[in-house]
Protein chains: 2
Amino acid sequence: MFSKACEYGIKAAIYIATQSYEGNRVTPKAIALEIDSPKAFTAKILQALVKHDIVFSVKGAYGGFEIPKEKIGRIKLSQIVNAIDGDTIYKGCGLGLNQCNENHPCPVHDKFKRVREELKYMLENTSLEELALNIKSGLSFLKV
Amino acid sequence: MFSKACEYGIKAAIYIATQSYEGNRVTPKAIALEIDSPKAFTAKILQALVKHDIVFSVKGAYGGFEIPKEKIGRIKLSQIVNAIDGDTIYKGCGLGLNQCNENHPCPVHDKFKRVREELKYMLENTSLEELALNIKSGLSFLKV
DNA sequence: ATCAATTAAGACAAAAATATCCTAATTGAT
DNA sequence: ATCAATTAGGATATTTTTGTCTTAATTGAT
Ligand code: SF4
Ligand code: SF4
């Protein structure tokens, strides 16, 4: 469904959010440990999230990654996916004709439409906040 | 959503079906041309479909690929996807924890559940027949 | 001012997916 | 029996994705 990079990106953002609620910045090392991902690769992905203003970085000693508390509720899963995988999840679905539209649909267009729209709706209406809170309350997990 | 291999596999199966209705066998060359895919790679994918008894091959001169007319209606999109991409589409969703289940869900589990089930339902309830008939009637297209 | 800790960035490496090429085996037509 | 057409299968090549490593830039604490 998503690329590995995107999976790591989502998990990283969730972990950073949980820590930001406590006022802690986190390093790529801590993140990689917490979400069970390759450290250097994760660091690359974090750069992308920073470029897209989804997470914020502070360089130098005592630096790290954080997300301002008040932003966490407004960040949607769709932004993270978009920052890393682009819009392929919306556009590259189905059988990926070169040009595709309602007037020249591939054979599965109508069938996929519902799934695609359901996915789109879900990504656009799931906030980082709810995902992070579920982690904090032990309802869901970032690894194992 | 799907791998390229899977996209080609689906399109190839649809094209073979349309031709099988007319009693024609088709070669990988013709298929690749019709679905706009790399010929040799498509041939590889066809082998997988043959192994899974989704399409049937006849070797030698005047040979080619075909699907018995009476089977076309019973072949579901899910079988094709499964033959090529395996069950990653069902199992490898979301954030892909190492082990994942209802009791130890990743943060997006509940969110993804609906999308995943919608996709599963669609794949299991879409037959090659309906896709092929839409091509024949000009309602959908295999390329451009 | 210096130092240690940290992110940023780019070069490099490995693995996986995609794609090509060549040869062998099969088979219908002649 | 031979030939031409065709699938099967394996070796190889290319591209993309995933992952690593090294160095530079930044910055808070001392
Ligand atoms: S025609 Fe529709 S389903 Fe097919 S690739 Fe285009 S947008 Fe996706
Ligand atoms: S916990 Fe659920 S959503 Fe997450 S990877 Fe497992 S099955 Fe998919």
Side-chain angles (χ1 to χ4, degrees), chain A residues 1-13 16 19-20 23-33 35-67 81 83-86 88-89 92 95-96, chain B residues 1-13 16 19-20 23-33 35-67 81 83-86 88-89 92 95-96:
Chain A
M1 184 88 85
F2 298 125
S3 67
K4 276 290 171 198
C6 197
E7 288 184 11
Y8 299 150
I10 295 170
K11 291 191 211 178
I16 296 169
Q19 291 305 299
S20 291
N24 302 329
R25 285 180 192 144
V26 286
T27 63
K29 187 177 172 186
I31 296 170
L33 225 115
I35 71 174
D36 198 20
S37 68
K39 192 180 66 173
F41 191 43
T42 306
K44 276 289 153 60
I45 296 160
L46 288 168
Q47 288 183 30
L49 292 180
V50 169
K51 278 220 183 79
H52 282 80
D53 276 341
I54 291 164
V55 312
F56 297 84
S57 68
V58 179
K59 288 180 190 169
Y62 298 81
F65 295 89
E66 67 187 353
I67 307 175
V81 172
I84 300 170
D85 279 353
T88 54
I89 195 87
L95 302 186
Chain B
M1 185 87 83
F2 298 124
S3 67
K4 276 291 172 195
C6 197
E7 288 184 12
Y8 298 151
I10 294 171
K11 291 192 211 178
I16 297 169
Q19 290 305 299
S20 292
N24 301 328
R25 285 181 191 140
V26 285
T27 64
K29 187 177 170 186
I31 295 170
L33 225 116
I35 71 174
D36 199 19
S37 68
K39 193 179 64 172
F41 191 44
T42 306
K44 277 288 152 59
I45 296 158
L46 288 168
Q47 288 183 29
L49 293 180
V50 169
K51 278 218 184 79
H52 282 79
D53 276 343
I54 292 164
V55 312
F56 298 83
S57 68
V58 179
K59 287 181 189 169
Y62 298 81
F65 296 89
E66 66 186 354
I67 306 175
V81 172
I84 300 170
D85 279 353
T88 54
I89 195 88
L95 302 187

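Each chain gets a letter, A, B and so on, in the order its sequence line appears, and its residues count up from 1. In what follows, every heavy atom counts, from backbone to side chain, and hydrogens, waters and symmetry copies are set aside.
- For A:A40, the side-chain atoms get nearest to D:dT20 when compared with the rest of D:dT20, C:dG28, D:dT18.
- A:D85 contributes no side-chain N or O that, together with a main-chain N or O of A:F2, makes up a donor-acceptor pair within less than 3.5 Å.
- Helical stems of DNA chain C (runs of at least 3 Watson-Crick or G-U pairs, donor-acceptor distances under 3.5 Å) are listed by first residue: C:1-30 with D:1-30.
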So which protein N/O to nucleotides 14-17 of chain D N/O distances come out below 3.5 Å?
none

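- As a whole-Å value, the separation of A:N24 CG from C:dA5 C1' is 17 Å.
- Taking atom CZ of A:F56 as the reference point, atom C1' of C:dT6 lies 19 Å away to the nearest angstrom.
- The separation between B:F65 atom CZ and D:dT6 atom P is 12 Å, rounded to whole Å.
- Counting only heavy atoms from C-beta on, B:K44 has its side chain closest to D:dG9 among C:dA29, D:dT26, D:dG9.
- For A:Y8, a side-chain nitrogen or oxygen approaches OP1 or OP2 of D:dG19 to under 4.0 Å.
- Between A:S57 and C:dT6 there is no side-chain N or O to OP1 or OP2 distance below 4.0 Å.
- We find that NZ of B:K29 is positioned 16 Å from C1' of C:dC21, with the value rounded to whole Å.
- Closest to the side chain of A:A61, out of C:dT18, C:dT7, D:dT27, is D:dT27.
- Rounded to a whole Å, the OH atom of A:Y62 is 21 Å from the P atom of D:dT26.
- In this structure, the CD atom of A:Q47 is 14 Å from the P atom of D:dT26, given to the nearest Å.
- Remark: P of C:dT7 and CD1 of A:I45 are 15 Å apart, rounded to the nearest angstrom.
- Here the nucleotide nearest the side chain of B:K59, chosen from C:dA8, C:dT27, D:dG19, is C:dT27.
- Among the protein residues, B:V26 comes within range of the sugar-phosphate backbone only, with heavy atoms under 4.0 Å from sugar or phosphate atoms but none that close to a base.
- Atom CG in B:L46 sits about 14 Å away from atom P in D:dT6, given to the nearest Å.
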